[in-house]
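Side chains are part of it too, since the values below use all heavy atoms of this structure and drop only hydrogens, waters and symmetry mates. We count residues from 1, following the sequence as given. A quick note: this is a predicted structure, and the numbers were derived from the prediction, not measured.
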Amino acid sequence: MGGARNAVWVAAGLVLGAGACYCIYRLVRGQRRGGRELGRRPSRSAEDLTDGSYDDVLNAEQLEKLLYLLESTEDPVIIERALVTLGNNAAFSANQVIIRDLGGIPIIGSKINSPNHSIKEKALNALNNLSVNVENQVKIKVYINQVCEDVFSGLLDSAVQLAGLRLLTNMTVTNDHQHMLSSYITDLFHVLLTGNGSTKVQVLKLLLNLSENPAMAERLLGAQVDSSFLSLYDSHVAKEILVRVLSLFQNINNCLKKEGCLAAQPDFTKGSLFYLLYGEDCAQKMRALVHHHDVDVREKVTVPKF
Ligand SMILES: *[C@@H]1O[C@H](CO)[C@@H](O)[C@H](O)[C@H]1NC(C)=O
Ligand SMILES: *[C@@H]1O[C@H](CO)[C@@H](O)[C@H](O)[C@H]1NC(C)=O
Ligand SMILES: *[C@@H]1O[C@H](CO)[C@@H](O)[C@H](O)[C@H]1NC(C)=O
Ligand SMILES: *[C@@H]1O[C@H](CO)[C@@H](O)[C@H](O)[C@H]1NC(C)=O
Ligand SMILES: *[C@@H]1O[C@H](CO)[C@@H](O)[C@H](O)[C@H]1NC(C)=O
């Protein structure tokens, strides 16, 4: 079928809903919005709407067509384009509500199970844009475990991993769903230590959000973390990483300073983050960072007094 996509497509007629509304979907590719040259503005079919060049904001009816198309097609190229178009439209707050009301979140969410990584990634991106709305988050949270599986057992530094981490980060901007990540804290630190720069920064954004929540800060402190974590506090580490690991320490330290911040008297074991952060090696690194050439770094240095 591949070649046929390069022409104006008269795809199979799709029956919309139960009614007799019989729509012919055309896919115009290569020729931008083919009908325009003919001097008339054709009404857009659902497949027109997946045209990558489509930059208008879609209305509810168009979004409904697109969701229907996404649900009914098996063509990976169409699925991917529909997801990208929905994701772009989900950047607008009105559309975040419309897509939810149309039952779109489960339709998009089901695509994160796709074995095709490109489709998986686009579905994660679309969910990420939808997650800006807190009511949408309630519907998106059912996918958190699946997303964690993809992030922690998938390919390191892959596009899917990064997209999943972005979604998890935006699902943790409030404290509401953070507890769902409790069983993945060790995995988060593992990805932090093994991932490349982009991955590290994204994991740190997520950890920073968690560290502002006392219940999660306690879990972070209790996590078993490889001692190579401390190398993130070396003075030559990239600023975008260094500033974030310092903020992480700062948040955790502020939490510990607050009376009654931690639930009980926690008993942190050797090898835990607590032991690393409050050990002599870390203190030494902090003393060195006090003289860092970048003021943004210097300002974030925590010298714990315990
Ligand atoms: C995955 O989807 C893309 C389009 O999104 C397609 O080009 C590619 O062939 C698909 N891969 C597989 C293995 O189906
Ligand atoms: C998501 O929203 C951002 C703007 O917030 C936009 O740049 C991006 O293209 C949107 N789409 C996807 C699929 O992420
Ligand atoms: C995710 O959250 C960040 C921080 O709140 C925000 O700046 C960003 O726009 C959000 N991303 C998307 C795709 O909405
Ligand atoms: C999470 O981080 C974002 C910025 O990245 C911030 O706007 C938000 O307030 C943070 N949420 C929590 C609970 O810390
Ligand atoms: C991390 O790895 C991904 C995939 O190989 C790559 O696209 C990205 O540019 C890398 N980022 C950095 C900062 O090296």
Side-chain angles (χ1 to χ4, degrees), residues 5 8-29 31-36 40-114 116 118-144 146-147 163-164 166-167 170-171:
R5 285 195 195 106
V8 174
W9 251 22
V10 181
L14 295 174
V15 179
L16 261 186
C21 167
Y22 199 75
C23 303
I24 308 272
Y25 290 160
R26 289 173 318 150
L27 175 64
V28 180
R29 212 190 174 203
Q31 290 164 263
R32 271 177 64 100
R33 295 172 210 167
R36 267 196 186 158
R40 65 194 165 88
R41 201 183 158 90
S43 79
R44 270 68 185 250
S45 72
E47 284 180 358
D48 281 335
L49 302 175
T50 65
D51 185 331
S53 65
Y54 203 91
D55 45 15
D56 296 348
V57 183
L58 304 187
N59 63 31
E61 194 194 332
Q62 291 169 319
L63 289 170
E64 186 173 23
K65 276 192 197 170
L66 202 51
L67 285 166
Y68 178 77
L69 178 68
L70 179 59
E71 209 176 11
S72 50
T73 186
E74 304 260 317
D75 186 329
V77 174
I78 305 278
I79 292 175
E80 184 176 21
R81 288 215 212 132
L83 286 169
V84 169
T85 307
L86 285 164
N88 288 338
N89 272 272
F92 302 93
S93 52
N95 282 338
Q96 290 159 8
V97 176
I98 292 170
I99 292 172
R100 178 183 71 236
D101 288 347
L102 288 169
I105 291 175
I107 298 174
I108 295 168
S110 70
K111 301 300 175 199
I112 67 171
N113 290 317
S114 171
N116 186 319
S118 182
I119 290 175
K120 202 190 263 285
E121 180 206 346
K122 303 303 185 297
L124 290 166
N125 287 341
L127 287 180
N128 190 17
N129 277 6
L130 286 165
S131 74
V132 175
N133 176 302
V134 286
E135 282 174 68
N136 286 358
Q137 289 205 350
V138 174
K139 298 214 181 289
I140 294 172
K141 73 173 180 195
V142 301
Y143 303 106
I144 287 185
Q146 173 68 49
V147 175
R166 278 196 300 261
L167 175 58
N170 282 33
M171 289 294 288

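How far NZ of K139 is from CG of N133: 11.0 Å, rounded to the nearest 0.5 Å. With rounding to the nearest 0.5 angstrom, the CE atom of M171 is 4.5 Å from the CD atom of Q137. Rounded to the nearest 0.5 angstrom, L124 CG and L83 CG are separated by 10.0 Å. Between the CZ atom in R100 and the CD atom in E135 there is a gap of 4.0 Å [rounded to 0.5 Å]. Rounding to the nearest 0.5 Å places OG1 of T73 at 5.5 Å from CD1 of I78. The structure places CD1 of I99 at 8.0 Å from CD1 of I105, a figure rounded to the nearest 0.5 Å.
Taking 4.5 Å as the limit, every side-chain heavy atom of V147 sits out of range of all side-chain heavy atoms of L127. Within the 4.5 Å cutoff, the side chain of P106 has heavy atoms near those of the Y143 side chain. Using a 4.5 Å cut-off on side-chain heavy atoms (C-beta onward), V77 and R81 make contact.
When all heavy atoms of I108 and A126 are compared, the pair lying nearest together is CG2-CB, 3.9 Å. The shortest non-hydrogen separation linking A60 to L102 is O-CD1, 3.8 Å.
Remark: side-chain polar atoms of N95 are not paired, donor with acceptor, to backbone N or O of I98 under 3.5 angstrom. Under the 3.5 Å distance criterion, the side-chain polar atoms of N170 are left unmatched by any main-chain donor or acceptor of N128. Formation of a donor-acceptor pair under 3.5 Å by the Q96 side chain with backbone atoms of L130 is not found in this model.
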Next on the checklist: Evaluate V84 against N88 for side chain to side chain contact (heavy atoms under 4.5 Å, CB included), listing each step before the verdict.
Outcome noted: CA-CA 6 Å; V84 169; N88 288 338; 3.7 Å; yes
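K111 meets the side chain to side chain donor-acceptor pair (under 3.5 Å) test with no other residue; sequence neighbours excluded. By the salt bridge (charged side-chain N to carboxylate O under 4.0 Å, His left out) test, K122 is found to be paired with E80, residues two or more places apart in sequence or in another chain being considered.
Partner of T85 under the side-chain contact (heavy atoms from CB on, under 4.5 Å) criterion, out of L58, L69, L70: L58 alone.
Annotation: salt bridge (charged side-chain N to carboxylate O under 4.0 Å, His left out) contacts involving residues 123-134, sequence neighbours excluded, are absent.
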